[in-house]
Amino acid sequence: MATRRSWAEPWKIKMVEPLRMTTRAEREAAIAEAGFNTFLLPSRLVYIDLLTDSGTSAMSDRQWAGLMLGDEAYAGSDNFYHLEAMVRKYYGYKHLIPTHQGRGAEHLLSTICIRPGQYVPGNMYFTTTKAHQERVGGKFVDVIIDEAHDSTSDHPFKGNCDLAKLEKLIERVGANNIAYLSLEGTVNMAGGQPCSLANIRETCALCHRYGIKVFLDATRAVENAYFIKLREPGQAGKTIAQILREICDCTDGCTMSAKKDSLVNIGGFLAVNDDKIAEAARNLCVLFEGLHTYGGLAGRDMEAMAVGIEESVQYDHMHARIGQVEYLGRKLIEGGVPIVRPIGGHGVFIDAGKFLPHLPRDRFPAQALAAALYVDSGVRAMERGAVSAGRDKETGAHLFPKLELVRLTIPRRVYTQAHMDVTAESVIELFQHHRKIAGLRFTYEPEFLRFFQARFEPVGGQSILND
Ligand code: F0G
């Protein structure tokens with residue numbers, strides 16, 4: 001008889017943070033007050049917070065101990081040198097410029113490396129990354145493989161770049177008109193889907209042949225390295241740290257939101273090999289972030305990041321982290337819920353278009369489902385569809401990306417399997433009664449990154465979930 005051997009997290013709980021339970025009536029009132037946008041809910045009214053994996057991880061006792069070693073000198077903090085050593089060891093780039101978070105690094109890189117009118121190809125857009133590229137006059141071009149836009153495709157590396165699309169763009173506009181290639185490890189908007197090492201190598205080789213630099217969005221590159229170890233032929237024998245270095249070694253630098261892989265609540269960095277870009281970045285850093293040895297962070301934040309980087313590449317950590325996401329995903333699949341396949345690295349992405357087939361795209365099914373899920377169980381998720389995509393810069397029309405998703409994002413080392421069970425049960429029950437969920441229309445639409453602050457109202461009634 002085959003026996004099933006379970007695995008468990010490689011940590012135990014030392015301190016707990018009590019959660020507040022709410023009633024359905026309280027949640028109905030709260031979501032209406034929040035304009036049916038889960039970003040506008042106060043967190044004290046949220047039971048299980050799956051809005052994002054960004055800055056929401058639990059730090060280890062070693063990271064907390066690191067906070068006490070904060071050297072809060074204005075210049076040349078000890079913690080900067082520790083962080084620099086860790087970034088060089090695990091990511092391998094020559095120069096480190098710390099920033100307050102990922103978009104701080106995107107701001108520096110975009111400003112330095114994009115001339116107005118230049119193209120910036122990438123394996124699917126990310127909201128802040130693209131916004132910074134466009135702010136300085138760049139034009140984002142999606143060169144991800146087609147499978148990434150298909151929630152049912154089981155391709156093991158849906159984050160891969162399509163070399164034919166990339167080469168066609170280079171031939172059409174000329175290498176001089178391409179600022180750089182923006183390569184995201186574990187593509188967030190595709191559902192947390194990784195790139196293969198082979199594809200990263202080929203993509204970088206193609207760009208470098210044309211003299212085009214490649215900058216990695218390393219936000220979840222460690223999770224990408226884990227998937228390579230798991231799925232790519234010939235890679236199983238390497239450590240996650242070795243694979244991470246091989247990814248980074250192909251590229252010319254990275255922007256990093258350390259709030260994800262690196263297990264900290266705040267922080268990020270730009271890391272590059274090119275001396276001139278580094279010098280320009282240090283100059284701009286002083287203007288926007290702070291001196292180049294702290295970049296908007298306290299010394300203690302940099303220490304927690306340095307320790308977190310080392311913890312993030314441990315196999316047992318990553319196995320439990322991705323394993324928990326997989327656990328939730330499998331429960332939803334068993335319940336018949338349409339989710340993006342394969343199950344992603346940092347969350348489970350529900351295909352809201354399929355979940356709510358009665359709602360047209362301009363009734364924002366993903367936004368509606370996230371609001372309804374909160375009302376049902378106090379679980380907070382996030383829309384990743386048309387609201388996130390925004391409007392076409394030229395025509396002003398809504399962009400309707402192929403994927404209309406709700407993201408159940410799992411913070412690292414925070415929730416238990418029982419929290420995943422509660423979440424799955426709520427989603428499955430909503431799926432069985434999906435016709436009760438109403439569509440939404442805008443009542444307020446901000447100019448930039450509208451998903452953060454937009455407000456909505458249900459169409460045809462007061463309530464989002466009509467019993
Ligand atoms: N790149 C990727 C792939 C991200 O997922 C994020 C943030 C950033 C860059 C920007 O980093 O937030 O530190 O400024 N993603 C968060 C999320 C907001 O919820 O997915 P940041």
Side-chain angles (χ1 to χ4, degrees), residues 87 90-94 102 105 109 113 120-126 129 140-148 153 155-170 175 178-257 260-261 270-274 312-313 318 322 342 344-346:
V87 171
Y90 290 105
Y91 292 84
Y93 303 112
K94 187 171 166 197
L109 181 71
C113 294
V120 191
N123 50 345
M124 205 173 265
Y125 82 105
F126 184 70
T129 320
F140 171 81
V141 184
D142 190 4
V143 295
I144 203 165
I145 57 172
D146 287 340
E147 285 88 339
S153 159
H155 194 295
F157 293 105
K158 283 165 100 172
N160 281 355
C161 287
D162 183 327
L163 295 181
K165 283 185 196 171
L166 178 58
E167 196 144 29
K168 226 161 123 189
L169 175 76
I170 299 171
I178 295 182
Y180 54 83
L181 178 103
S182 182
L183 181 70
E184 187 184 338
T186 324
V187 180
N188 190 350
M189 301 300 275
Q193 303 296 327
C195 314
S196 72
L197 190 54
N199 183 264
I200 292 171
R201 287 218 174 95
E202 287 168 17
T203 304
C204 293
L206 173 65
C207 287
H208 290 154
R209 230 177 13 254
Y210 285 96
I212 298 166
K213 285 195 166 28
V214 178
F215 291 105
L216 178 69
D217 181 339
T219 298
R220 298 181 186 83
V222 185
E223 290 176 356
N224 199 128
Y226 174 79
F227 278 122
I228 289 173
K229 180 177 169 70
L230 213 65
R231 295 181 186 166
E232 192 162 343
Q235 303 300 323
K238 293 180 189 161
T239 64
I240 294 174
Q242 280 170 334
I243 298 171
L244 178 65
R245 269 305 289 272
E246 287 185 39
I247 296 171
C248 295
D249 286 352
C250 297
T251 66
D252 299 280
C254 78
T255 54
M256 175 71 179
S257 170
K260 284 81 163 174
D261 268 352
L270 172 68
V272 293
N273 290 329
D274 186 283
S312 73
V313 299
M318 206 40 92
I322 307 261
H346 63 305

4.5 Å side-chain heavy-atom contact, [X] and [Y]:
X	Y	answer
Glu232	Pro194	no
Tyr180	Leu109	yes
Leu216	Cys248	yes
Leu197	Ile247	yes
Tyr226	Thr186	no
Ser312	Tyr90	no

Query raised in the report: Can you name the residues that form a salt bridge (Lys or Arg N to Asp or Glu O under 4.0 Å) with Asp274, not counting sequence neighbours?
Result: Lys213
Report task. Could you list the residues that satisfy salt bridge (Lys or Arg N to Asp or Glu O under 4.0 Å) with Lys229, not counting sequence neighbours? Result -> none
Query raised in the report: Who are the ring pair (Phe, Tyr, Trp, His ring centres under 6.0 Å) partners of Phe126, not counting sequence neighbours?
Result: none
Query - All ring pair (Phe, Tyr, Trp, His ring centres under 6.0 Å) counterparts of Tyr93, not counting sequence neighbours - result: none
Report summary line: Residues pairing under salt bridge (charged side-chain N to carboxylate O under 4.0 Å, His left out) where one sits in residues 183-194, two or more places apart or in two chains, turn out to be none
Query - Residue pairs involving residues 191-209 (criterion salt bridge (charged side-chain N to carboxylate O under 4.0 Å, His left out); sequence neighbours excluded) - result: Arg201-Glu246
By side chain to side chain contact (heavy atoms under 4.5 Å, CB included) - contacts of [X] (at least two apart):
X	result
Ala105	Thr99, Thr255, Leu270
His155	Ile145, Glu147, Ser153, Phe157, Lys158, Asn160
Lys168	none
Ala175	Ile170, Tyr210, Ile212

Requested in this report: Hey, could you give me the CG/SG distance between Leu183 and Cys204, rounded to the nearest 0.5 Å?
Outcome: 6.0 Å
Query raised in the report: Can you pull the side-chain hydrogen bond (donor to acceptor under 3.5 Å, both in side chains) pairs that have at least one residue in residues 189-199, sequence neighbours excluded?
Result: Asn199-Thr203
Query raised in the report: Can you name the side chain to side chain donor-acceptor pair (under 3.5 Å) partners of Asn188, sequence neighbours left out?
Result: His346, Arg407
